Amino acid sequence: MKTEQLAEKIAALGLTLLLLLSHAPKVFAQTDTIRVKDKRLITANLKPGLNQYLVYFQNSKDSRSLKFWLWLRDIRLENRNGEKVFTVTQHWYGNDSTSYRSIYSINKAADFTPVYHSETIGKKTKAFNWFSDKILSADTVTNNEAKDFKYDFPFANFNWNLDIETFEMLPLAQGKSFAIPFFEAGMPAPLYVLYKVTGSEVITTLDGNKVDCWKLYNESDYNGRHFTETYWISKKNHEFLKEEDAFGGGYRYKVKMMGAAVNLLPRFVK
């Protein structure tokens, strides 16, 4: 397994140990629960456009190398069958073709309810139609690796693959905590994941601007190891600018590129 894949698996395993909301009332007693039906996400904060992120891994025991990726996430507001939806197209680029993956998601613009999600790694595609009470394989997708898949949800949820976009829509404020029902296709079950606003910090962006940000924090434990994630989201524009994760002597960073970053997609030969 490649380093980036191992790191993603470790982080995901750590997060999946968070308890379901219904089983942990004391933990969530002072927490805002972002249920899908309550429409508490501020969808007007999600800005259409191409966002690019530099993603890199650091192994604290290896001082001579880093692993780098570039993530492109293109958000569009469209009309599908008379309803406004957000479409998010992702391309993840690494140092070789085995690192590449493409992802396409559709969510209702009114409340960010998932409608459709597909992910292609190598030549294998898994595609799903997403509903409030279940998720099904998208049988119209050719060679769908998730053929005949069906899972009935215990509660409605958001697409965990779109966590960056979800965080930009949270009503962030000092002292707030949020329990978000997340599911990622392939997980055993959806989970309510706890995120806390731990304070604020002024950071300097790649274009030299100083931006006041909320710090959103998540932590968990798995197999005797501790995992943390911290996200910096601007107070003024609700913009996801930076992320730092720590797990078992390893670190993952995400930094949003400036708007002048070149869109690589049109330059690839078709």
Side-chain angles (χ1 to χ4, degrees), residues 4 7-8 11 14-15 18 28 30-34 40-60 63 66-75 86 88 90 92-93 112 158 160-180 182 193-220 226-263:
E4 65 271 22
E8 289 175 4
L15 291 171
L18 291 167
F28 294 102
Q30 304 300 320
T31 298
D32 291 337
T33 305
I34 308 298
R40 299 196 59 209
L41 293 181
I42 308 171
T43 57
N45 287 343
L46 189 61
K47 308 297 192 300
L50 177 65
N51 299 317
Q52 302 191 49
Y53 303 88
L54 177 65
V55 183
Y56 52 107
F57 283 92
Q58 175 187 8
N59 184 339
S60 59
S63 62
L66 295 171
K67 301 291 186 181
F68 290 92
W69 290 265
L70 182 67
W71 290 10
L72 278 63
R73 303 169 81 107
D74 188 12
I75 304 170
F86 285 112
V88 183
Q90 301 183 55
W92 297 11
Y93 295 101
F112 214 56
F158 297 102
W160 207 348
N161 196 272
L162 303 180
D163 57 348
I164 288 178
E165 292 76 18
T166 304
F167 297 155
E168 292 185 330
M169 293 184 284
L170 288 174
L172 300 171
Q174 181 63 44
K176 279 199 171 186
S177 296
F178 303 94
I180 305 175
F182 271 139
V193 186
L194 182 64
Y195 298 90
K196 302 177 182 179
V197 177
T198 58
S200 60
E201 181 181 348
V202 176
I203 65 173
T204 303
T205 58
L206 293 177
D207 53 5
N209 288 324
K210 295 187 179 300
V211 181
D212 194 9
C213 296
W214 292 117
K215 294 177 68 175
L216 190 65
Y217 180 78
N218 166 268
E219 65 179 327
S220 59
H226 193 64
F227 304 81
T228 65
E229 298 176 313
T230 305
Y231 311 89
W232 284 258
I233 301 164
S234 68
K235 294 181 180 180
K236 182 178 180 180
N237 295 322
H238 304 274
E239 184 180 10
F240 181 105
L241 294 175
K242 176 183 170 183
E243 176 182 344
E244 181 177 320
D245 308 330
F247 44 88
Y251 300 88
R252 182 176 70 166
Y253 310 94
K254 290 193 190 91
V255 178
K256 187 173 184 179
M257 304 296 288
M258 67 179 71
V262 173
N263 182 0

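Heavy-atom basis, side chains included; hydrogens, waters and symmetry copies ignored. All values derive from a computational prediction rather than experimental measurement.
Rounded to the nearest 0.5 Å, atoms CG (L46) and CZ (F167) are 13.5 Å apart. Atom-to-atom distance recorded for T228:OG1 and N218:CG is 8.5 Å, nearest 0.5 angstrom.
Minimum interatomic distance between C213 and L241 (heavy atoms only, all atoms of both residues): SG-CD1, 3.8 Å. The nearest pair of heavy atoms linking S234 to V211 is CB-CG1, 3.5 Å. Nearest heavy atoms, T31 versus F178: CG2-C, 3.5 Å. Closest of all the heavy-atom pairs between L194 and S177 is CD1-CB, 4.2 Å. Of all heavy-atom pairs between L41 and I34, the closest is CD2-CG2, 3.7 Å.
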Next item on the list: Take H238 and L172, measure what side-chain contact (heavy atoms from CB on, under 4.5 Å) needs, and give me the verdict at the end.
Entry: CA-CA 9 Å; H238 304 274; L172 300 171; 5.6 Å; no

Next item on the list: Start with the C-alpha gap between L170 and L216, add the side-chain angles, then the distance that decides, and say whether side-chain contact (heavy atoms from CB on, under 4.5 Å) holds.
Entry: CA-CA 10 Å; L170 288 174; L216 190 65; 4.0 Å; yes

Next item on the list: Assess whether side-chain contact (heavy atoms from CB on, under 4.5 Å) is satisfied between K47 and I75, documenting all intermediate values.
Entry: CA-CA 7 Å; K47 308 297 192 300; I75 304 170; over 6 Å; no

Check: When you look at N161 and Q90, which way does the side-chain contact (heavy atoms from CB on, under 4.5 Å) test go after all the steps?
Finding: CA-CA 10 Å; N161 196 272; Q90 301 183 55; 2.7 Å; yes

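Scanning for ring pair (Phe, Tyr, Trp, His ring centres under 6.0 Å) contacts around F182 gives W160, with sequence neighbours left out. Under the side-chain contact (heavy atoms from CB on, under 4.5 Å) criterion, N263 pairs with L50, L72, L265, P266, not counting sequence neighbours. Residues forming a side chain to side chain donor-acceptor pair (under 3.5 Å) with D212 (at least two apart in sequence, or on another chain): K235. When the salt bridge (charged side-chain N to carboxylate O under 4.0 Å, His left out) test is applied to D74, the partners found at least two apart in sequence or on another chain are R76. T43 is linked by a side-chain contact (heavy atoms from CB on, under 4.5 Å) to F86, M169, counting only residues two or more places apart in sequence or in another chain. Contacts of K254 classified as salt bridge (charged side-chain N to carboxylate O under 4.0 Å, His left out), with partners at least two apart in sequence or in another chain: E243. Shown here are the side-chain contact (heavy atoms from CB on, under 4.5 Å) partners of K236, two or more places apart in sequence or in another chain: there are none. Partners of T230 according to the side-chain contact (heavy atoms from CB on, under 4.5 Å) rule, which considers only residues two or more places apart in sequence or in another chain, are K215, Y217, W232. Take K196 and apply the salt bridge (charged side-chain N to carboxylate O under 4.0 Å, His left out) test, not counting sequence neighbours, and it matches no residue. In terms of the side chain to side chain donor-acceptor pair (under 3.5 Å) criterion, residue partners of T205 (sequence neighbours excluded) are, by chain and number, D207.
Judged as a salt bridge (charged side-chain N to carboxylate O under 4.0 Å, His left out), the pairs with a partner in residues 166-180 (not counting sequence neighbours) are, in order, D32-K176. Among residue pairs with one or both ends in residues 48-59, those qualifying as side-chain hydrogen bond (donor to acceptor under 3.5 Å, both in side chains) are N51-K256, Q58-Y253; sequence neighbours excluded.
The aromatic rings of Y231 and F240 sit tilted relative to each other, their planes meeting at an angle between 30° and 60°.
Screening W92, Y93, F57 against W69 for a ring-ring contact (aromatic ring centres under 6.0 Å, His included) leaves a single residue, F57.
With hydrogens and angles disregarded, a donor-acceptor distance shorter than 3.5 Å links the side chain of S60 to the backbone of G249.
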